[in-house]
Amino acid sequence: MVDVTKYAGETNGGYIVMFKSKDAASSFANGNNMVTYCYEIIDACAGKFTDQCIQELQANPNVKGIYEDGIGSASELPGSNPIVGLANIVLSRATNFPFYYDSQAGQSSDIYVIDTGVYLNHTDFGGRARWGATFAGKPNVDENGHGTFCAGLTAGATYGVAKKANIIAVKVMNSTG
């Protein structure tokens, strides 16, 4: 029996159900009109399911987990000194060494920025950014700035850790973060 993992904050009344295989997820989605979205990256479906449906999913041997679909938010934008955060990636706070960039880091890699979206035309991304998906019910743009900031730290030309990586925007938060 799979337990339902409760979300500590506000929810949208729906659930995300993770399956043990893509086939199990597809089979469930094809036979269920309560499914509102099927993920391509993970073997999961989202929707607003009845209590009876949740009970059946809990007993289903093909289900890996059931999670309340929560409404998250981005924290405030960090300060104006990204160097401090970058140095902490590889060094303890007790040291005082600079962060060294690997000029080839991220080559042939994709980074999914799951946040408020990403401003795809930012000059720091050099055409390496593209839109993946939107789950926040808003347009495919970053109306907040937090996602673009995170994309810059992960793969931007100026401060990015993986300067050669492709950026794929996945919007899960709206303009309020």
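Residue indices begin at 1 and follow the sequence shown. Values reported hereafter were calculated over all heavy atoms of this structure, with side chains retained and with hydrogens, waters and symmetry mates removed.
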Q: Calculate, to the nearest 0.5 Å, the distance between atoms CZ and CG belonging to Phe135 and Asn12 respectively.
A: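 Phe135 atom CZ to Asn12 atom CG measures 12.5 Å (nearest 0.5 Å).
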Q: In this structure, would Val4 and Val17 fall into the same cluster of hydrophobic residues linked by side-chain contacts under 4.5 Å?
A: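 Same hydrophobic cluster.
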Q: Compare all side-chain heavy atoms of Tyr15 with those of Leu57 and state whether any distance is below 4.5 angstrom.
A: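 Side chain of Tyr15 against side chain of Leu57, heavy atoms only: no contact under 4.5 Å found.
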Q: Checking Asn62 side chain against Ala24 main chain: does a donor-acceptor pair fall under 3.5 Å?
A: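 Not at all, since once roles are kept as given, no pair shorter than 3.5 Å links the two residues.
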Q: Would you check if the side chain of Asp142 reaches a backbone N or O of Asn144 as a donor-acceptor pair within less than 3.5 Å?
A: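 It does hold such a pair.
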Q: Using side-chain heavy atoms (C-beta onward) and a distance below 4.5 Å, is Val35 in contact with Asn33?
A: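 Not touching, per the 4.5 Å side-chain cut-off.
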Q: Once you measure the plane-to-plane angle for His146 and Phe149, does it fall in the parallel (<30°), tilted (30-60°) or perpendicular (>60°) bin?
A: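 Plane angle between 30° and 60°, so tilted.
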Q: Would you please name every residue forming a ring pair (Phe, Tyr, Trp, His ring centres under 6.0 Å) with Tyr112, sequence neighbours left out?
A: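 By the ring pair (Phe, Tyr, Trp, His ring centres under 6.0 Å) rule, Tyr112 matches no residue at all.
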Q: Do any N or O atoms from the side chain of Gln58 and from the backbone of Asp3 form a donor-acceptor pair under 3.5 angstrom?
A: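 A pair under 3.5 Å: no.
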Q: In the hydrophobic clustering that connects Ile, Leu, Val, Met, Phe, Trp and Tyr at side-chain heavy-atom distances below 4.5 Å, which members other than Val118 occupy its cluster, ordered by chain and number?
A: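 Besides Val118, the hydrophobic cluster comprises Ile111, Val113, Leu120, Phe125, Trp131, Ile167, listed by chain and residue number.
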Q: Just verifying a value: how many Å separate Asn60 CG and Lys20 NZ, rounded to the nearest 0.5 Å?
A: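 NZ of Lys20 is found 8.5 Å from CG of Asn60.
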Q: Donor-acceptor pair, distance only, cut-off 3.5 Å: does the side chain of Lys64 make one with the backbone of Ala44?
A: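 Not at all, since once roles are kept as given, no pair shorter than 3.5 Å links the two residues.
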Q: Counting only N and O atoms by type, is there a donor-acceptor contact under 3.5 Å from the side chain of Lys171 to the main-chain atoms of Val141?
A: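 Yes; at least one donor-acceptor contact below 3.5 Å.
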Q: Would you check if the side chain of Asn32 reaches a backbone N or O of Phe28 as a donor-acceptor pair within less than 3.5 Å?
A: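 It does not hold such a pair.
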Q: Rounded to the nearest 0.5 Å, what separates atom NE2 in His122 from atom OG1 in Thr158?
A: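 If I round to the nearest 0.5 Å, the distance is 7.5 Å.
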Q: Is a side-chain N or O of Lys163 found less than 3.5 angstrom from the main chain of Ala157, in a donor-acceptor match?
A: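 Yes; at least one donor-acceptor contact below 3.5 Å.
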Q: Between Val2 and Met18, is any pair of side-chain heavy atoms under 4.5 Å apart?
A: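 Result no, sub-4.5 Å side-chain heavy-atom pair not found.
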Q: A quick test of your reading: do over 12 heavy atoms of other residues, nucleotides or ligands sit less than 6.0 Å from CD of Glu10?
A: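 No, not enclosed.
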Q: Is there a path of hydrophobic side-chain contacts, each under 4.5 Å between heavy atoms, that joins Ile114 and Ile168?
A: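 Looking at the clustering, Ile168 is in the same group as Ile114.
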Q: When you measure from the side chain of Thr116 to the backbone of Met173, do you find a donor-acceptor pair of N or O atoms at a distance under 3.5 Å?
A: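 Flag not set: sc Thr116 to bb Met173 has no pair under 3.5 Å.
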